[in-house]
A.B. asks: 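One structure follows; several queries about it will come next.
Predicted model, so just to flag it, every value in this text is computed and none were measured.
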Amino acid sequence: MHPRRPDGFDGLGYRSGARDEQGFGGAFPARSFSSASDLSHWVTTPPDIPGSRNLHWGEKSPPYGVPAPSTPLEGPAEEPFPRGGGGGGSSVPGQSSEQLNRFAGFGIGLASLFTENVLAHPCIVLRRQCQVNYHARHYHLTPFTVINIMYSFNKTQGPRALWKGMGSTFIVQGVTLGAEGIISEFTPLPREISHKWNPKQIGEHLLLKSLTYIVAMPFYSASLIETVQSEIIRDNTGILECIKEGIGRVIGLGVPHSKRLLPLLSLIFPTVLHGVLHYIISSVIQKIVLLILKRKTYNSHLAESTSPVQSMLDAYFPELIANFAASLCSDVILYPLETVLHRLHIQGTRTIIDNTDLGYEVLPINTQYEGMRDCINTIRQEEGMLGFYKGFGAVVIQYTLHAAVLQITKIIYSTLLQNSV
């Protein structure tokens with residue numbers, strides 16, 4: 001079968017955009033915020049994970065068959081904003097500052113990725129345990145009770161209790177990236193949305209996302225079990241156990257489950273609904289925040305009130321701030337739906353979780369939901385509306401840590417730039 005690609009696909013531009021947007025969190029920005037003409041040449045199309053952002057409208061891809069602009073990919077001409085000071089020739093201090101600029105940009109993106117995927121993992125573990133614990137009398141809606149219970153888990157079970165399942169989360173992301181790439185290559189479904197978007201193109205793009213979430217669904221379910229399973233009774237599983245369990249869930253082999261286990265077909269709708277809504281909300285929020293920050297940056301440069309250091313900061317941080325705001329808003333808005341989704345995935349898997357009321361002991365999961373609607377009604381009747389927000393304090397801690405890391409990174413970066421300018 002001959003692979004199909006979206007209109008305007010360009011190999012070099014596609015890969016560089018993927019690296020800029022996804023791999024390094026905007027560490028190597030491809031174009032300046034200060035020039036509208038630069039922004040019109042490329043559409044960044046990162047490989048997506050659930051909740052990431054591809055939904056870029058208002059941007060232009062180079063037409064098919066037309067060569068890309070001859071602007072060099074590297075060098076002083078690629079600087080997002082001009083540095084202060086005169087002099088037309090390149091100098092050793094200028095080259096040193098350029099290297100520092102790129103190195104610091106890489107560090108900023110790396111710090112953001114580390115915070116999202118590693119530093120915040122204990123918050124994700126406790127958040128999921130609280131969501132699936134229908135026994136819990138304490139809902140942990142504030143960060144203060146969450147910190148207390150995290151300390152109890154660490155004291156009774158050791159640090160591994162808060163870092164379990166981290167490898168499986170990376171596997172789920174890898175499966176999602178691979179599935180989306182393969183499907184988009186061999187189907188006409190677009191991986192990106194061009195500037196001349198229409199409802200049909202958006203529908204096909206969201207269909208691609210839906211198919212990706214369906215493919216990753218059994219592995220997501222296996223990863224969820226690894227993150228909520230109590231360390232007290234957990235075996236030392238390998239890093240590829242998530243793949244083994246995911247395949248076993250599909251073909252009906254592996255660890256025996258109870259009769260309450262919901263079939264994968266009944267999990268497709270809530271899984272796709274959560275994934276698509278998360279993607280749409282995060283994409284819209286990110287686009288709005290980026291437009292606001294770009295307009296603010298453009299106005300400040302027109303007023304000539306921006307220092308060279310601030311100009312360099314404006315080249316990297318708007319994308320990170322927009323990504324932060326998009327993830328925060330989508331997680332908060334869809335938290336009740338995520339609670340329902342996790343309870344449906346975990347039902348019937350014979351999973352033993354930690355007691356989030358005491359910080360020690362374990363509890364079985366013995367729910368008997370018949371489906372998504374029954375789960376929603378049961379939670380509302382037995383646990384109240386706040387039952388959908390169990391463990392919400394962990395979200396507050398997670399994004400507080402993320403904001404703190406971004407701010408600290410910004411301070412360090414500003415200090416380095418001030419010393420080099």
Side-chain angles (χ1 to χ4, degrees), residues 1-26 42-57 59 61 113 116-117 167-194 197 200-224 240 242-243 246-247 249-250 264 267-287 319 323 326-327 330-331 334 338 341 345:
M1 182 182 294
H2 184 70
R4 304 278 303 274
R5 293 188 174 91
D7 294 340
F9 178 92
D10 180 84
L12 178 60
Y14 183 86
R15 289 192 295 272
S16 65
R19 183 177 63 251
D20 297 342
E21 284 286 324
Q22 181 70 22
F24 296 91
W42 302 100
V43 175
T44 53
T45 58
D48 187 53
I49 61 176
S52 69
R53 55 266 186 266
N54 266 357
L55 206 58
H56 294 297
W57 60 86
E59 298 174 333
S61 297
L113 288 175
E116 292 178 8
N117 298 285
S168 65
T169 59
F170 290 109
I171 291 178
V172 172
Q173 292 182 14
V175 170
T176 306
L177 292 176
E180 182 178 351
I182 293 174
I183 295 174
S184 64
E185 282 289 309
F186 294 97
T187 64
L189 302 179
R191 197 171 185 177
E192 65 177 359
I193 294 182
S194 65
W197 59 272
K200 178 182 177 182
Q201 188 181 43
I202 292 180
E204 292 176 346
H205 180 67
L206 294 180
L207 177 59
L208 171 64
K209 296 294 180 185
S210 301
L211 294 176
T212 301
Y213 300 144
I214 293 175
V215 173
M217 180 176 62
F219 305 99
Y220 179 84
S221 182
S223 174
L224 174 65
L240 298 180
C242 174
I243 298 179
I247 297 176
R249 182 78 180 267
V250 174
L264 288 177
L267 297 177
I268 289 178
F269 176 73
T271 302
V272 171
L273 178 65
H274 176 267
V276 171
L277 288 179
H278 195 287
Y279 171 70
I280 293 176
I281 294 173
S282 60
S283 300
V284 172
I285 295 297
Q286 186 201 23
K287 187 66 177 180
E319 175 70 22
N323 185 28
S327 299
S330 55
D331 279 354
L334 296 178
E338 185 184 70
L341 177 66
H345 272 278

A.B. asks: If you take all heavy atoms of Ala326 and Ser330, which pair is closest and at what distance?
C.D. replies: O-OG, 2.8 Å
A.B. asks: Does any non-hydrogen side-chain atom of Glu180 lie less than 4.5 Å from one of Leu211?
C.D. replies: no
A.B. asks: Can you tell me how far CE of Met217 sits from CD1 of Ile268, rounded to the nearest 0.5 angstrom?
C.D. replies: 4.5 Å
A.B. asks: So which heavy atom on Arg191 is nearest to which on Leu177, and how close?
C.D. replies: NH2-O, 4.0 Å
A.B. asks: Counting C-beta onward and ignoring hydrogens, is there a side-chain heavy-atom pair between His205 and Glu192 closer than 4.5 Å?
C.D. replies: no
A.B. asks: If you compare all heavy atoms of Pro188 against all heavy atoms of Glu204, which two are closest, and at what distance to 0.1 Å?
C.D. replies: O-OE1, 4.2 Å
A.B. asks: Got a second to check how far Ser282's OG is from Leu277's CG, nearest 0.5 Å?
C.D. replies: 10.5 Å
A.B. asks: To the nearest 0.5 Å, how far apart are CG in Leu341 and NE2 in His278?
C.D. replies: 11.5 Å
A.B. asks: Working to the nearest 0.5 Å, report the span between CD1 of Ile171 and CG of Leu240.
C.D. replies: 5.5 Å
A.B. asks: Can you name the nearest heavy-atom pair linking Leu206 to Val276, along with the distance?
C.D. replies: CD2-CG1, 4.3 Å
A.B. asks: Tell me the closest heavy-atom pair linking Phe219 and Cys242, and the distance in Å.
C.D. replies: O-SG, 3.4 Å
A.B. asks: Which heavy atom of Ser223 sits nearest to which heavy atom of Val172, and what is that distance?
C.D. replies: CB-CG2, 3.6 Å
A.B. asks: Could you go through the side chain to side chain contact (heavy atoms under 4.5 Å, CB included) check for Ile202 and Ile193 one step at a time?
C.D. replies: CA-CA 7 Å; Ile202 292 180; Ile193 294 182; 3.9 Å; yes
A.B. asks: Find the distance between CD1 (Ile182) and OG1 (Thr212) and round it off to the nearest 0.5 Å.
C.D. replies: 10.0 Å
A.B. asks: Is the His345 ring parallel, tilted or perpendicular to the Tyr220 ring (thresholds 30°, 60°)?
C.D. replies: perpendicular
A.B. asks: So, do Thr169 and Asn117 sit near enough that their side-chain heavy atoms are less than 4.5 Å apart?
C.D. replies: no
